[in-house]
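Worksheet for the structure shown next.
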There are 2 protein chains.
Amino acid sequence: MASTARIVAMTIQKRRERERAERERLIVRVARELAEAEGWDSVTTRRLAAEVEYSQPVLYSHFKGKDAIMAAVAVQGCEELAAELRKARTSAGSPRQALAAVGEAYTAFGRRRPALYDAMFTHAVDLPFATPEAPAALHEAFGELAKAVEPVAAEGDEPELLTETYWAGLHGLVTLMRSGRLPEGGHERRLALLIGHFVPAGMG
Amino acid sequence: MASTARIVAMTIQKRRERERAERERLIVRVARELAEAEGWDSVTTRRLAAEVEYSQPVLYSHFKGKDAIMAAVAVQGCEELAAELRKARTSAGSPRQALAAVGEAYTAFGRRRPALYDAMFTHAVDLPFATPEAPAALHEAFGELAKAVEPVAAEGDEPELLTETYWAGLHGLVTLMRSGRLPEGGHERRLALLIGHFVPAGMG
DNA sequence: TCTTGTCGCTAGCGCCGCTAGCGAATCGAG
DNA sequence: CTCGATTCGCTAGCGGCGCTAGCGACAAGA
């Protein structure tokens, strides 16, 4: 009897943990949907709690604070970005085309999913970046960039630094455009200029 | 007598306007100092009002809101950035050196004056950017970049777009580094890579 | 059955940006 | 010189923010 009770208790506990994990995923999903629909300013802890139909303190039993929720959304974004970069890179014919494809995919992602992009690359400094502890999805996304950059690296260029530099160029284009500091028109030509200057003459 | 009274009234009014303008400058100066010392999060309307020794509503008689105060600080920042870019550009010996000098001056500015940089290029979308109505100081700063970029533009490169692209690269380097997404070490080499890729082979 | 512990709730703290509306000081006319 | 009109900075407060203390209901184990 005692053993039966213990087993039942254990399965009950498992169900609890399952439900709890599900609720956590719900919070992240709703936070993301809300942010994408109305912007991060609309994602307040009160509003988010109301949308998931729990009280505010429940959020804090899952996450340390609002920034941690944004960080969770950012990790999701990294996964999607990595997938899109990979797809762009692997379906390109030449190194130059691959570099252009990931550049276009990156900036397209930033424009199509601004809330996700902000969580990943402008807000939320909580999650580590340039260290091994950074989320795997982030390494994966950066790795896609790196794999596209390395083939066009010149003699003596350190590939990692060159990738970071290319990333910075793409990031600058996305953020300056999205904040209205660069006109939307001309984006393709700016991107082409950036890419062109990263490819050695006569390559591609 | 009536005319004397009117004249006196006018000079009194002038003094008033002078004092009012002085108070406005005080607000902007204190806002900037506070932001540079403790970050923009510490620049609340209550705190700022206390520092200038007036009540909160006084701020709103000068500025539409907090964003407008940040915008005023941003304009100051543009003036300083423009001056530093000009100095860097004019004291360089060759087109390549000029491009490198403004790039270094730009990123150095972003790192040395993070609060100012944020007001100018990451927050405060209030002030117009890519239009003629943009503040003169902003045009001036961009013009300095343009004057450094144009000499190295290749045949067929649209100079304005190329300048924007170079700016985006610099901006990306500054923001990704300052938010901890790029390691501080390696900045000089990344900057050198960016500059090197913007200069046609065999130039400078 | 009763104790113990878990869990989500209500309520509230100290902030924020911003504003309504009052009272004192000043101005212009008689 | 007096007195209504106007200017101007103040106190006080609104609604909302991130976050948390602490209570009550409910479930688990003796």
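Bear in mind the structure is a predicted one, so any value in this text is a computation, not a measurement. Proteins come first, then strands; the chains are lettered A, B, ... in the order of their sequence lines, and each starts at number 1.
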(request) Let me know the distance between CG of Leu48(A) and C1' of dC19(D), rounded to the nearest Å. (result) 14 Å
(request) Only counting residues at least two apart or in another chain, list the ones meeting ring pair (Phe, Tyr, Trp, His ring centres under 6.0 Å) with His197(A). (result) Phe198(B)
(request) If the plane angle is over 60° it's perpendicular, under 30° parallel, otherwise tilted; pick one for Tyr117(B) and Tyr106(B). (result) perpendicular
(message) Could you tell me how far apart Leu34(A) (CG) and dC17(D) (C1') are, to the nearest whole angstrom?
(response) 15 Å
Provide a list of protein-nucleic acid N or O atom pairs under 3.5 angstrom, restricted to nucleotides 23-25 of chain C.
none

(message) Show every side chain to side chain donor-acceptor pair (under 3.5 Å) that has at least one partner inside residues 132-141 of chain A, sequence neighbours left out.
(response) Thr131(A)-Glu133(A)
(request) Send over the distance from Ile27(A) CD1 to dG18(D) C1', rounded to a whole Å. (result) 15 Å
(message) Return a single string for nucleotides 6-18 of chain C, one symbol per nucleotide in 5' to 3' order, where B is base contact, S is sugar-phosphate-only contact and - is none, cutoff 4.0 angstrom on heavy atoms.
(response) --SBB-B---BBB
(message) The criterion is salt bridge (Lys or Arg N to Asp or Glu O under 4.0 Å); which residues satisfy it with Lys147(A), sequence neighbours excluded?
(response) Glu144(A)
(request) Return the orientation label for the Phe142(B) and Trp167(B) ring planes: parallel under 30°, perpendicular over 60°, tilted otherwise. (result) perpendicular
(message) By the salt bridge (charged side-chain N to carboxylate O under 4.0 Å, His left out) test, which pairs, at least two apart or in different chains, include something from residues 160-180 of chain A?
(response) Asp118(A)-Arg178(A), Glu164(A)-Arg190(B)
(message) Output the rounded distance in Å from CH2 (Trp40(A)) to C1' (dG18(D)).
(response) 15 Å
(request) Could you check if a side-chain atom of Leu81(B) sits within less than 4.5 angstrom of a side-chain atom of Phe121(B), using non-hydrogen atoms only? (result) yes
(request) With side-chain hydrogen bond (donor to acceptor under 3.5 Å, both in side chains) as the test, would you mind laying out the steps for His62(A) and Tyr54(A) before giving the verdict? (result) CA-CA 12 Å; His62(A) 288 275; Tyr54(A) 281 94; over 6 Å; no
